[in-house]
2 protein chains.
Amino acid sequence: MAVIQELETPALLLDEAALERNLSRMREKMAHLGVALRPHVKTAKSIEVVRRALVGQPGGITVSTLKEAEYFFGQGIADILYAVGIAPSKLAHVTRLLAAGRKLTIILDSVAAAQAVGNAAAIAGVVVPVLIELDVDGHRSGVSPDSALLLDVGRAISSNRHLELRGVMTHAGESYNCASVEAIAEMAELERAGAVQAAQRLRKAGMPAPVVSVGSTPTATFAKNLAGVTEVRAGVYMFQDLVMHGIGVCRVEDIALSVLVQVIGHQPEKGWIITDGGWMCLSRDRGTSKQAVDQGYGLVRGANGGSLADDLILVSLSQEHGIAARRDGAPVAPERYPVGTLLRILPNHACATAAQHERYQVVSGGSEILKTWPRVNGWS
Amino acid sequence: MAVIQELETPALLLDEAALERNLSRMREKMAHLGVALRPHVKTAKSIEVVRRALVGQPGGITVSTLKEAEYFFGQGIADILYAVGIAPSKLAHVTRLLAAGRKLTIILDSVAAAQAVGNAAAIAGVVVPVLIELDVDGHRSGVSPDSALLLDVGRAISSNRHLELRGVMTHAGESYNCASVEAIAEMAELERAGAVQAAQRLRKAGMPAPVVSVGSTPTATFAKNLAGVTEVRAGVYMFQDLVMHGIGVCRVEDIALSVLVQVIGHQPEKGWIITDGGWMCLSRDRGTSKQAVDQGYGLVRGANGGSLADDLILVSLSQEHGIAARRDGAPVAPERYPVGTLLRILPNHACATAAQHERYQVVSGGSEILKTWPRVNGWS
């Protein structure tokens, strides 16, 4: 069997044992809350990972691109929510998928978008299933659950025979910035309450809203009650990362994703260990920079994933170079990490780091490569 | 002919007219200084771009990965410098290329690395051409030009019959952080003087150093004298970007690379225009954050690349969403940018943004797509 020592660095590693633990934990959490999980595949972009995430679930997924939708439909996934507000230039693609019998649901948050989708659907002779996107935390897109606009958008959809109003969805993206587990639990309740309120307002006005979809990994992890919610969307929980660790969602040992890099030199006076892993393989994400513990561009572990005697982080990156140094700035003798030493970097942000790679080398606690799983990157 | 309005967004655009102007300017600069250009392909990763960059030059290129080396050898490039300190796990690949008759030169900066390369070369029965990497500005890797270590590394190479000492190379990466054109010119002289000094010390000690290689786009642009230098390496000058603009290397109009995105919604009270271009298509690079003018995550232009009446920048990104807003924070009426409006985002960092895409849609000042050029991403 191949081992990681034979890989050319940098290479993306996925620890299957940690992955399975993360999947089980979320599965149990959802069962405890009595809600279905619609995994968001934007982090993993891998059918192998997603099949494992779907164990015990209805089978629907969430995607972030139409390329993901194409790929996962082709792999046998039957029910897909495209959870980015629809852009008019993508409507021909959407209606083509629907005309081919695919069950694809889109989201939107304006009357103008509803009209654009309705027009495209009429031309294509299809009916487009639609969720209204809600804004519960001021994070990004969506209409407010208590706004008049919600009902206006609802009517623009429900009155159009080429559109099918399926309900509402929201994503409490601000949960990533919460300072405590209690704050995340409050955010989860805000997300739930807003989505349920919006669905009830639509129903009271005579419109259908069978779907009440919420989610983010932090809120899914710490929600205490999801009454009225029909499905939860989450993605990064599969791999976890240092940002999730920093807000209490996981332990460092739960991080299933890492980048294997190699020592290529030293600057002893500065305490620098130069590696061949730069922002190209890690991304420029600095998601921990405002957290209580700043992990630089990533936390350094040993070749097999264990902690090192030195507390090393990546302090600087260029395209194909990463500089590791002790967090406390103390010098590190070069002979502790000779040229050729393999290291694993735990990423700040799993979605961004995985996106820099075409495949996962799957390991399980050791150095054997059990299998290789491809990813579906890009947009077209 | 296809037009950009038919593309699904986000999509990477390359303006050929701006590209050709950038290439001409550098060609003239090198001719004026009497030095050969060895273009660095890490930004473009495209044979079409590189062929144009090589007009009037000897034909050698610089790469940042062995995958680039494989690809460009396959496309007919005969002389390649792999400009990242060699990692031991890549030596089997390097010696395989050399055994196949490829002219690949590597770099290193330690006796340990020289020994590792020598051992691999002996096993493979090849001779590996080597440059010693120099550190002239404390930026990253390399040995100091005035150090005893330089001669030690030189001897470790020149005394090994499986290694061929070809000379020295350095990259003044700190030039990206210079505050003025004058400071960049001084950095160029530091780079030149250090490299020439190192080569002279090697020669004086009886070692060969025919190659004296320097470069970065800023220092190449503002160098006044390159006496003693045999070649210049630069890459981002082909496309330019907001970081280069911020340090005076180019004008905004010279930026040849942009990402086409589309308006998908608004948050009118906040003055936000929501687009479908997030960090996945732009990267998380915030290279202008410490410059005199902070460009957020990118500068917003019209569909055809022209400036807008509003001074819009991207103020926030998530994976597939970008929030555009006026730089001064003033509100923007949604009807100025209706859902479906196409916008071009000029990137902070061309290398990082281009890396998020598989191909270039080549335009030239307008909306027609003249051709599509693939990129070579990844490592293996």
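Atoms considered below: every heavy atom in the structure, side chains included; atoms not considered: hydrogens, waters and symmetry mates. Worth saying up front: this structure is predicted, and the values here are computed from it rather than measured. Within every chain, numbering begins at 1; the chains are lettered A, B, ... in the order of the sequence lines, protein sequences first and strands thereafter.
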Check residues 274-283 of chain A and write down every donor-acceptor pair under 3.5 Å in which the side-chain atom is one partner and the other belongs to a residue at least two apart or another chain.
{"from": "A:Thr275", "atom 1": "OG1", "to": "A:Gly277", "atom 2": "N", "distance (Å)": "3.3"}
{"from": "A:Thr275", "atom 1": "OG1", "to": "A:Gly322", "atom 2": "O", "distance (Å)": "3.0"}
{"from": "A:Asp276", "atom 1": "OD1", "to": "A:Gln262", "atom 2": "N", "distance (Å)": "2.8"}
{"from": "A:Asp276", "atom 1": "OD2", "to": "A:Thr9", "atom 2": "OG1", "distance (Å)": "2.5"}
{"from": "A:Asp276", "atom 1": "OD2", "to": "B:Lys90", "atom 2": "NZ", "distance (Å)": "2.7"}
{"from": "A:Ser283", "atom 1": "OG", "to": "A:Asp285", "atom 2": "N", "distance (Å)": "3.0"}

For B:Pro88 and A:Val263, work out which heavy atoms get closest and say how close.
CD-O, 4.3 Å
Answer whether the closest heavy-atom distance between the side chains of B:Trp379 and A:Glu358 falls below 4.5 Å.
no
Heavy-atom cut-off 4.5 Å, strictly under: side chain, backbone, both or neither for B:Pro338 against chain A?
neither
So, the side chain of B:Gln319 versus the backbone of A:Cys351: is there a donor-acceptor pair under 3.5 Å, distance only?
no
Approximate separation, where rounding is to 0.5 Å, of A:Ser380 OG and B:His357 NE2
10.0 Å
Who among A:Gln5, A:Lys270, A:His93, A:Glu269 has the most heavy-atom pairs with chain B under 4.5 Å?
A:His93
Contact part of A:Ala87 toward chain B, heavy-atom cut-off under 4.5 Å: side chain, backbone, both or neither?
both
Selection from B:Gly142, B:Ala113, B:Gly265, B:Ala11 maximising heavy-atom pairs under 4.5 Å formed with chain A
B:Gly142
Please flag which part of A:Pro334 lies under 4.5 Å from any non-hydrogen atom of chain B: side chain, backbone, both or neither.
neither
Got a donor-acceptor contact below 3.5 angstrom from the B:Lys42 side chain to the A:Glu320 backbone?
no
I want to check something: taking the side chain as every heavy atom from C-beta on, are A:Ile264 and B:Ile86 in contact at a cut-off of under 4.5 Å?
no
With respect to chain B, which residue among A:Ser316, A:Ser89, A:Gly85 yields the maximal number of heavy-atom pairs within a distance under 4.5 Å?
A:Ser89
Contacts of A:Ala92 meeting side-chain contact (heavy atoms from CB on, under 4.5 Å) (sequence neighbours excluded), chain-then-number -> none
For A:Arg286, which atoms come within 4.5 Å of any heavy atom of chain B: side chain, backbone, both, or neither?
neither
Given side chain to side chain contact (heavy atoms under 4.5 Å, CB included), test A:Ser141 with B:His321 step by step and report yes or no.
CA-CA 9 Å; A:Ser141 312; B:His321 296 79; 3.7 Å; yes
Could you have a look at A:Ser110, A:Ala355, A:Gly378, A:Ser64 and say which one has the most heavy-atom pairs with chain B under 4.5 angstrom?
A:Ser64
Of the backbone (N, CA, C, O) and the side chain (C-beta and beyond), which part of A:His139 lies under 4.5 Å from a heavy atom of chain B, both, or neither?
backbone
Engaged part of A:Gln356 at the chain B interface, taking heavy atoms whose separation is under 4.5 Å
both
Minimum heavy-atom distance between B:Trp272 and A:Gly138, given as atom pair plus value
CH2-O, 3.6 Å
Report which part of A:Leu7 has an atom under 4.5 Å of a heavy atom belonging to chain B: side chain, backbone, both, or neither.
backbone
Under 3.5 Å: donor-acceptor pair, side chain of B:Gln267, backbone of A:Arg140
yes
